[in-house]
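Report on the following structure.
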Amino acid sequence: MEKQKAARNQTEILRLLPSVETLLSSETSQKIVSETGANYLTQLARAAINVVRTEISKNGNNLNAESFSRENLLSKAENNLESTWQKEKNSKLKKVINATGVVIHTNLGRAPLSENARTALIENVCGYCSLEYDIETGKRGKRGAYAEKILAELVGAESALIVNNCAAAAVLVLTALCKNGEAIISRGELVEIGGDFRVPDVMEQSGAILREVGTTNRTKISDYKNAINEQTKMLVKVHPSNYKIIGFTSVPNVRELAELAAQNEIIFYEDAGSGAIFDLSEYGLSDEPIIEKSIADGADVVTFSADKLLGSAQAGLIVGKKEIIEKLRKHPLYRVLRVSKLIYAALEATLESFRRSTQFEEIPVLRMLSITNEKLQEKTEKFAANLRGKIGENSKLKFEIIEGNSVVGGGSAPAFQPVTTLLSICHEEFSVNELEENLRFSEPAVAARILDDKVLLDLRTVSENEENELLEILTKI
Ligand SMILES: *Cc1c(COP(=O)(O)O)cnc(C)c1O
C-alpha cells in the first residue's frame, strides 16, 4: 500500500515538471539566450530539467506531492540552468586582478603586458598586417625580422629566433643540433620546471643522448672534459630556476664551459629559463643568468622565456651564433614551433622598451619587482584610506596594514622574497574562505592569498588602473 502510494506520488510530481519549451520561454532563458545561442540553450534546458527529474526519482518515496507545484519545479529548473551557465562562463578566460603579490604568476598568465604591447596588439595586428610583407619593396618579407633584430642587439648576439615557448626552444635546439649525439649535463641541473618540463625527458624526446656528469651539488669542469668523446655534440647548462642548492656547491661558469666546448669543436648551449636581459641584482635578483653576459662569455646558443622576467607574451627566445640560428630556422620543427603575429606585436613593443631603456617604467613585471617598499607602503596606505572613506567606520569588513613578503614566481629566483606591505582583511559575517571566494567570484575576479585566518591583498601586483576596480569590489562585500 505504502509503496503504491509513493509511486503514485512520484508520477504525479514528475507530471509537474516543466517542458523544455516552458523553460525556454522563462525569464532566465530570455536573459541568457543572446549569450548561449538558441541551440545550446535548448541543450542546457534539457539538462537542467533532467537534474530536477533525477532528484525527484531519487527521493521519490519520501516526497510529498502536495508540497510540489509547477511553479516551484520551473523555478528549480531555472536555477539549475542559470548556475550551470554561470559555471561555464567562469571557465572562460576571465580578467583577474592579481592581489597575490606573485609577480610572474603562471596560473594567472605570467607577465602582464605593457601598455605599448597592448596598443600594438590592438592597433597593428588584429586585422591584416605586414607579418611577411615588406612595406619597402612590396614583396614577401621575413617573418619576425624586427623583433629578432632588436633581441639580438640587446643581448649582443649575432642572431636571434623566436618560437612558442622556452620548452619549444630547448626541443628545437636539442633536436636540430644534438640528435643522436651526446649532450653532457651536470647531475645538479637535471631538474623539473613547473610540473611538465623535465630536462631529461626533453632531451630524450629530442633524440639527444643524455650524458650525466658530476654530482647533485658539485660538478667540476674536469667532469665535463673527461666525458667528451667522438659522440659528444654539446655541453648543456640548465638554470635550475625554481630550486636552489645552497652550501657546499659548485658548477663551472659559462666562460669555462664555452672554452671547453670551443676547444673540442662542439656546441655550448645554455637554457637560462627566466633570464634577465640586464643585471637585476640591484633589485635583489642576483641568481638569474644574464643573457648578455652568457653571450659575451662565449655561449653558442642561449634560450629563455619571453613571459618571465622579460615581461612579455608567451614565447621562447633563442639567441646565439648566426650559423647555429640559421640551422634552427631551416629545421622543419621551426615551422611547427613558430609564433603568431599577435606574439610578434607584443614582443616588438616590449623589446623596444628595453632599447629605449624605459623598461623599469613601462614593463609591469620590472616595475613591480623594482618598486621600493616605501612606495608600496604609500600605495597601500592611500588605498586603505580610500577604502575607509568608502565603507565607513562601522562596516563589517575590517582591515589593517601589515608587513610581509611578495614572491617573484614563474620559477624565477625562488630564494628572493621582497619585503612588501599587505592589506590584511576579514569580515564579521564571512569565514576567510568565504571572503576569498567572494573576491574570486567578483567581476573582475580577484586572486588573493590566505594566511593565518586572514585574507591578504598585496598591491605590488595590482596596477593603478585596477585599484579603483578593487576598491569597488571590496566596498560591495
Ligand atoms: C621556465 C623554464 C622553462 C620553460 O619555459 P616555458 O617558456 O614555460 O616553456 C625551461 N627551462 C627553464 C630553465 C625554465 O626556467
Side-chain angles (χ1 to χ4, degrees), residues 102-113 147 151 160-175 178 183 185-206 208 210 219 234-245 251 254 257 268-277 280 285-291 293-294 299 301-320 328 333-334 336-340 342-344 346-347 350-351 365 369 407-416:
V102 181
V103 177
I104 306 169
H105 199 309
T106 299
N107 296 356
L108 301 183
R110 288 203 185 149
L113 297 181
L151 178 59
L161 189 67
I162 297 161
V163 291
N164 181 58
N165 55 15
C166 190
V171 168
L172 179 59
V173 167
L174 290 165
T175 309
C178 200
I185 183 170
S186 160
R187 291 198 167 86
E189 295 173 2
L190 291 171
V191 293
E192 173 179 307
I193 292 152
D196 42 16
F197 183 92
R198 292 181 144 188
V199 174
D201 296 349
V202 171
M203 293 181 97
E204 190 189 13
Q205 181 60 40
S206 54
L210 176 66
T219 306
M234 190 179 263
L235 304 183
V236 182
K237 184 178 181 62
V238 176
H239 182 55
S241 293
N242 51 6
Y243 101 130
K244 184 174 172 163
I245 308 176
V251 281
V254 170
L257 287 166
F268 171 51
Y269 160 45
E270 181 182 24
D271 177 9
S274 193
I277 282 218
L280 294 171
L285 289 151
S286 48
D287 289 333
E288 291 302 318
I290 301 157
I291 309 299
K293 186 165 184 305
S294 291
V301 57
V302 182
T303 58
F304 59 112
S305 292
D307 56 351
K308 293 183 182 170
L309 283 174
L310 188 90
S312 195
Q314 181 194 302
L317 308 180
I318 312 176
V319 293
L328 300 178
L333 250 192
Y334 170 63
V336 179
L337 303 173
R338 73 182 194 184
V339 299
S340 77
L342 303 179
I343 301 300
Y344 284 126
L347 271 174
T350 311
L351 293 166
V365 163
L369 285 172
V407 179
V408 178
S412 310
F416 173 56

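Since we're looking at a predicted model, the values are computed, not measured. Note that ligands are numbered from 1 as they come in the structure, with each ligand's atoms numbered from 1 the same way. Side-chain atoms are counted along with the backbone in the values below, which use heavy atoms only and exclude waters and symmetry mates.
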(message) Any non-hydrogen side-chain atom of F197 less than 4.5 Å from a side-chain atom of V191?
(response) no

(request) Taking the side chain as every heavy atom from C-beta outward, state whether L369 and L280 have any pair of such atoms under 4.5 Å apart. (result) no

(message) Are any of the N/O atoms on H239, whether in the backbone or the side chain, positioned under 3.5 angstrom from an N/O atom of ligand 1?
(response) no

(message) What I want to know is whether V238 and ligand 1 share at least one N or O pair that is separated by under 3.5 angstrom.
(response) no

(request) Could you check which of A168, A169, C166 puts a non-hydrogen atom nearest to atom 6 (P) of ligand 1? (result) C166

(request) Nearest heavy atom to atom 11 (N) of ligand 1 wins, so pick from V202, D271, V163. (result) D271

(request) Apply side-chain hydrogen bond (donor to acceptor under 3.5 Å, both in side chains) to T350 and list each qualifying residue two or more places apart in sequence or on a separate chain. (result) S312

Would you mind checking which non-hydrogen protein atom is closest to [atom], with the distance to 0.1 Å?
| atom | result |
| --- | --- |
| atom 7 (O) of ligand 1 | S305 OG, 2.7 Å |
| atom 1 (C) of ligand 1 | K308 NZ, 1.4 Å |
| atom 15 (O) of ligand 1 | S241 OG, 2.4 Å |
| atom 9 (O) of ligand 1 | A167 N, 2.9 Å |

(request) Decide whether the shortest distance between a heavy atom of Q314 and an atom of ligand 1 is less than 4.0 Å. (result) no

(message) Heavy-atom contact check, 4.0 Å cutoff: does R110 meet ligand 1?
(response) yes

(request) Output the distance between atom CG (L333) and atom CG (L328), rounded to the nearest 0.5 Å. (result) 10.0 Å

(message) Does this structure show an ion pair linking E270 with K237, if we count only N-O contacts that are shorter than 4.0 Å?
(response) no

(message) Among V238, T175, L174, which residue satisfies the side-chain contact (heavy atoms from CB on, under 4.5 Å) criterion with M203?
(response) L174

Listing, residues 105-113 side-chain donor-acceptor contacts under 3.5 Å, not counting sequence neighbours, or none:
from: H105; atom 1: ND1; to: N107; atom 2: N; distance (Å): 3.3
from: H105; atom 1: ND1; to: L108; atom 2: N; distance (Å): 3.4
from: T106; atom 1: OG1; to: R110; atom 2: NE; distance (Å): 3.4
from: R110; atom 1: NH1; to: D307; atom 2: OD1; distance (Å): 3.0

